[in-house]
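When reading the values below, keep in mind they use all heavy atoms of this one structure, side chains included, and skip hydrogens, waters and symmetry mates. Throughout, numbering of the chain's residues begins at 1 and tracks the sequence.
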Amino acid sequence: MTTHAPQAAQTPRSVKLPATLDEAVAALTAMPAAVPVAGGTDLMTSVNSGQLRPAALVGLGRISEIRGWQYQDGHALLGAGLTHARMGRPDFAALIPALAAAARAAGPPQIRNAGTLGGNIASAAPTGDALPVLAALEAVLIIAGPGGARREIPVSHLLAGVEMLRPGELIGFVRVPLLHAPQVFLKATGRTGPGRATASVALVLDPARRGVRCAVGAIAPMPLRPLEAEQWVASLIDWDGERGSLVPEAVTAFGEYVAAACIPDQPPAADGTEQPLTPAVLHLRRTVAALARRALGRALS
């Protein structure tokens, strides 16, 4: 659960199994070439393919403080060690429905049982199902550093590379606002059943701020927020009455707005002629439009 994972040319010589978050940070500080490992779903892929040969490992599986969650001033403080399987259970789904839906869609049972929330964030793979949900919820990361230090950064800053984890730091917790309002996660895959997303959409309603927040995943290196589309559709919703009264044409237009914002038209050629989108890109844009349209429709129903 760190973005600082230096490569080494040999198999691990040392494995540390700390019992607390601060012990894990201390181990990483003492062994700069060490790589932290929780579920190992991404790490082992890199190891098995020969892309990574860690000199040492710091196992995070015994750190109980990051394997649960607690309430904190209208927020949920989620441990980075929460597995997808745990987040997919009904009690968690009642808390943060979109994140539970993303966890249930993360892959086959063996992946969901091992993979963790913090690992999904630190790996920052474009197809990470939790990432668009966290972006739409505007989640904040609690970073543990040497000497018991803690600092906070928005998850979007880490995913965009605006702020990076420093050597020895770990993602300890994720703070997510509890909106008590509809939220939806949908994804499209290239095959039936659990699989990697070709596109995904997370959408949440925020009645207190009279806002709609949407994030599109898997089509770019980081989740994309179509801010103008969010503001436009929020201005059409009857926040004091029947939210579901939005006309179908507006819901359809929102999907097209989101898709065009995230997958824009090609700029004209030097001679001014239009450059059409390739069939594959056009299909992807239509997929995003359909997902955004369905997500809004479900949130308003």
Kindly write out the residues that satisfy side-chain hydrogen bond (donor to acceptor under 3.5 Å, both in side chains) with Glu242, not counting sequence neighbours, or none if the list is empty.
-> none
Under the side chain to side chain contact (heavy atoms under 4.5 Å, CB included) test, residues paired with His157 that sit two or more places apart | Pro154, Val162, Glu163
Rounded to the nearest 0.5 Å, what's the gap from CG on Leu57 to OG on Ser14? Could you check?
-> 8.5 Å
Test side chain to side chain contact (heavy atoms under 4.5 Å, CB included) applied to Glu152 - qualifying residues, sequence neighbours left out | Val140, Ile142, Arg175
Under a 4.5 Å cut-off applied to non-hydrogen side-chain atoms, are Leu60 and Val37 in contact?
-> no
Report, as yes or no, whether the 6.0 Å neighbourhood of atom CZ on Arg150 holds more than 12 heavy atoms from other residues, nucleotides or ligands.
-> yes
Of all residues at least two apart in sequence or in a different chain, which pass the side-chain hydrogen bond (donor to acceptor under 3.5 Å, both in side chains) check with Arg293?
-> none
Rounded to the nearest 0.5 Å, how far does CD1 of Ile237 lie from CG of Leu205?
-> 6.0 Å
To the nearest 0.5 Å, atom CG of Leu134 lies from atom CG of Leu137 at 6.5 Å
Which heavy atom in Ala105 sits nearest to a heavy atom in Lys187, and how many Å separate them?
-> O-NZ, 2.7 Å
The complete set of side-chain hydrogen bond (donor to acceptor under 3.5 Å, both in side chains) pairs with one or both residues in residues 207-218, sequence neighbours excluded, reads Asp206-Arg213, Arg210-Asp240
Sequence-distant partners of Leu236, side chain to side chain contact (heavy atoms under 4.5 Å, CB included), two or more places apart | Trp232, Leu246, Ala250
Is there side-chain contact between Val247 and Val251, with heavy atoms separated by less than 4.5 Å?
-> no
Residues at least two apart in sequence or cross-chain that pass side-chain hydrogen bond (donor to acceptor under 3.5 Å, both in side chains) with Thr127, listed by chain then number, are Arg196
Would you check if there is a donor-acceptor pair between the side chains of Thr20 and Asp22 at a distance under 3.5 Å?
-> no
For Glu230, side-chain hydrogen bond (donor to acceptor under 3.5 Å, both in side chains) partners two or more places apart = Arg225
Are Arg285 and Thr287 close enough that some pair of their side-chain heavy atoms sits under 4.5 Å apart?
-> no
The complete set of ring-ring contact (aromatic ring centres under 6.0 Å, His included) pairs with one or both residues in residues 282-301, sequence neighbours excluded, reads none
Sequence neighbours excluded, which residues qualify as side chain to side chain contact (heavy atoms under 4.5 Å, CB included) partners of Pro97?
-> Gln183
Can you give me every donor-acceptor pair (side chain of residues 68-95, partner residue at least two apart or in another chain, under 3.5 Å) with its distance?
unit_1 : atom_1 : unit_2 : atom_2 : d
His75  : ND1    : Asp73  : O      : 2.9
Thr83  : OG1    : Arg86  : N      : 3.1
Arg86  : NH1    : Asp91  : OD1    : 3.1
Arg86  : NH2    : Asp91  : OD2    : 2.7

Is the closest side-chain heavy-atom distance between Pro226 and Glu228 below 4.5 Å?
-> no
Tell me, which pairs form a ring-ring contact (aromatic ring centres under 6.0 Å, His included) where one or both residues lie in residues 159-180, sequence neighbours left out?
-> none
